[in-house]
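Worth knowing before you read on, the calculation uses all heavy atoms, side chains too, and leaves out hydrogens, waters and symmetry mates.
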Amino acid sequence: MVYCGRQQKYDLFCVDLATLTMIDDSLSVKKVASIQAHGNHQEDDVYVDHAEYPKSLDDVPQAARDSERIGYDAHWVSETTGDPFVAAAVAATVTSKVGVGTNIAVAFARNPMTVAASASDIHRLSDGRFILGLGTQVKAHITRRFSMPWSHPVARMREFVLAARAIWAHWNDGLPLDFEGEFYRHTLSSPVFMPSPNPHGSPPVFLAGVGKQMTEVAGEVADGFLAHTFTTPQYLRQVTLPALERGRAKRGRDLDDFVVSGVCNVLIDDDHFGRSLAKVKQQIAFYASTPAYRPVLELHGWSDLGEELHRLTVAKRWDSLAEAVDDEVVEAFAVIGTPDSLAQQVADRFGGALDRVTLGIYGEIEPGEREGILNALRAGRHRSR
């Protein structure tokens, strides 16, 4: 039996640590290597991904094909207007090379068994190209949008991942399914409900986070980390990476076999710059108004901005949010330049900190210019930390 209980407010301890270590050892290193195998890459290259936020499932096939044609290394789908697992399955069926992942699927809207099944099926469907990206969302969405329980999100997420790993180990390796935790219990299985072993193994798990404790858990139990869009280079280096290292150290590992993925917002300095700037300011303001993301602002000394934006959202003054974001804040979250200069700016900003970068491009850019940025970023080889 694997029993997980809460030792303190957030820290979980596992009685059968040897079993969990065996499961983790069988999954982590080889899966991280497998997701780096797609495309023509050197070992130290950075991987460049594309994130899609489709308004409709009808938009997914063409977007996924475009990502593969342009040469992105992964095509991420999100949980916004639909089910990300359905979108990921569609993307997998219309492509053959590009990685496909959820960035993110809301873990607490589901349970480990349903997520394990969906993720394993898409990993099989995609011939091993799937990355399971999970996040918590915030309490209001979990309780009022999804009508699901919310408590101890850090401990719950840690147990969620361990439960999914136990389920995959049962299906693929024949280990007994006997997982009992504080939040999840999976002890019933029979041959009729057993899928055949996945020839590609289980998918890599990436966790999203902002706070130190969730980030540390990601380093401990996941294969990779999805840095939030609302992350600055300073926060990434001073807060995120040290927390990931502490998590890895709990399992006797470092970041060498771990993938850190982040987002870089890019504003093209063109005739549409004013419109692009307004969009970026609106996005920054939306996240900055959320108390859960306040640590990023606090690091920069911008706590007052977060409080002001939160008051505006409470008053439902949505149109006033962007006006509160000044140029200094924009420059902390985005790079501004021409297509020729962007690759170097992104490398300067995140060099040595990211293994994968997702570009959020605002403005007009020609297909050839986009491919040039991708190739220049990969050639930069700035993965060493």
Side-chain angles (χ1 to χ4, degrees), residues 9-11 44 46-47 103-104 133 135-136 138 153-154 157-158 206-251 253-266 280 283-307 309-310 325-336 344-360 377 380-385:
K9 184 175 181 181
Y10 294 109
D11 297 329
D44 292 333
V46 68
Y47 287 68
N103 189 357
I104 50 90
T136 64
V138 296
V154 177
M157 179 61 87
R158 183 181 188 275
F206 285 19
L207 289 187
V210 175
K212 295 178 183 179
Q213 292 173 321
M214 185 65 73
T215 304
E216 190 169 318
V217 162
E220 181 187 4
V221 303
D223 302 299
F225 181 74
L226 297 168
H228 197 280
T229 302
F230 196 68
T231 299
T232 65
Q234 184 176 346
Y235 190 85
L236 183 68
R237 290 187 171 89
Q238 294 185 20
V239 178
T240 302
L241 292 180
L244 289 173
E245 289 170 344
R246 290 193 299 272
R248 300 300 287 165
K250 290 182 179 180
R251 306 308 292 268
R253 294 195 174 96
D254 55 28
L255 292 176
D256 286 347
D257 63 345
F258 190 84
V259 178
V260 182
S261 176
V263 178
C264 184
N265 289 317
V266 172
V280 170
Q283 182 194 59
I284 292 172
F286 172 75
Y287 288 123
S289 69
T290 305
Y293 305 138
R294 197 65 52 82
V296 180
L297 297 177
E298 291 172 351
L299 181 69
H300 289 269
W302 297 331
S303 297
D304 291 345
L305 173 62
E307 294 172 3
L309 290 168
H310 184 64
V325 178
D326 62 25
D327 291 344
E328 181 185 9
V329 176
V330 171
E331 291 172 1
F333 289 96
V335 299
I336 302 172
Q344 187 59 52
Q345 289 189 65
V346 174
D348 291 343
R349 177 173 287 242
F350 291 112
L354 294 179
D355 303 298
R356 311 186 73 107
V357 61
T358 298
L359 297 179
L377 278 171
R381 297 193 188 179
H382 52 279
R383 291 186 63 226
S384 60
R385 277 185 268 272

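Between the CG atom of Asn265 and the CD atom of Gln283 there is a distance of 5.0 Å, given to the nearest 0.5 Å. Rounding to the nearest 0.5 Å gives a distance of 12.0 Å between CG of Asp256 and CZ of Arg253. Atoms CG and CD, from Leu207 and Glu216 in turn, are 13.0 Å apart once rounded to the nearest 0.5 Å. Rounding to the nearest 0.5 Å places CD1 of Ile104 at 14.5 Å from CZ of Phe206. For the atom pair Glu245 CD and Thr215 OG1, the distance stands at 12.0 Å (nearest 0.5 Å).
Nearest heavy atom pair, residue Gly135 against residue Ala208, reads CA-CB, 4.3 Å. The shortest non-hydrogen separation linking Gly262 to Ala227 is CA-CB, 4.0 Å.
At least one side-chain heavy atom of Leu244 sits less than 4.5 Å from a side-chain heavy atom of Leu255. Within the 4.5 Å cutoff, no side-chain heavy atoms of Val210 are placed close to those of Phe230. The shortest distance between side-chain heavy atoms of Leu354 and Leu236 falls below 4.5 Å.
In this structure, Phe225 has no ring pair (Phe, Tyr, Trp, His ring centres under 6.0 Å) partners at least two apart in sequence or on a different chain. In this view, Val266 and Cys264, Ile268, Val335, Leu342, Val346, Leu359, Ile361 satisfy the side-chain contact (heavy atoms from CB on, under 4.5 Å) rule, not counting sequence neighbours. Listed by chain and residue number, Pro233, Ala353 satisfy the side-chain contact (heavy atoms from CB on, under 4.5 Å) test with Arg237 (two or more places apart in sequence, or in another chain). Judged as a side-chain contact (heavy atoms from CB on, under 4.5 Å), and not counting sequence neighbours, the contacts of Asp348 are Gln344.
In this structure, the side chain of Arg349 engages the main chain of Ala332 through a donor-acceptor pair within 3.5 Å. A donor-acceptor pair is defined here as one N or O able to donate and one able to accept, closer than 3.5 Å; such a pair exists between the side chain of Gln345 and the backbone of Ile336.
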Could you tabulate the donor-acceptor pairs under 3.5 Å formed by side-chain atoms of residues 299-306, not counting sequence neighbours?
from: His300; atom 1: NE2; to: Thr232; atom 2: OG1; distance (Å): 2.8

May I have the list of side-chain donor-acceptor pairs in residues 284-298 shorter than 3.5 Å, sequence neighbours left out?
from: Ser289; atom 1: OG; to: Phe286; atom 2: O; distance (Å): 2.7
from: Thr290; atom 1: OG1; to: Phe286; atom 2: O; distance (Å): 3.4
from: Tyr293; atom 1: OH; to: His228; atom 2: NE2; distance (Å): 3.3

Before giving the answer on side-chain contact (heavy atoms from CB on, under 4.5 Å), spell out for Lys212 and Val239 the whole-Å C-alpha distance, their side-chain angles and the decisive distance to 0.1 Å. CA-CA 7 Å; Lys212 295 178 183 179; Val239 178; 3.7 Å; yes

Under the criterion side-chain contact (heavy atoms from CB on, under 4.5 Å), I'd like the reasoning laid out for Asp223 against Phe258: C-alpha separation, chi angles, the key distance, then a yes or no. CA-CA 6 Å; Asp223 302 299; Phe258 190 84; 5.6 Å; no

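We find that Arg248 and Glu220 are not joined by a salt bridge, their nearest charged nitrogen and carboxylate oxygen being 4.0 Å or further apart.
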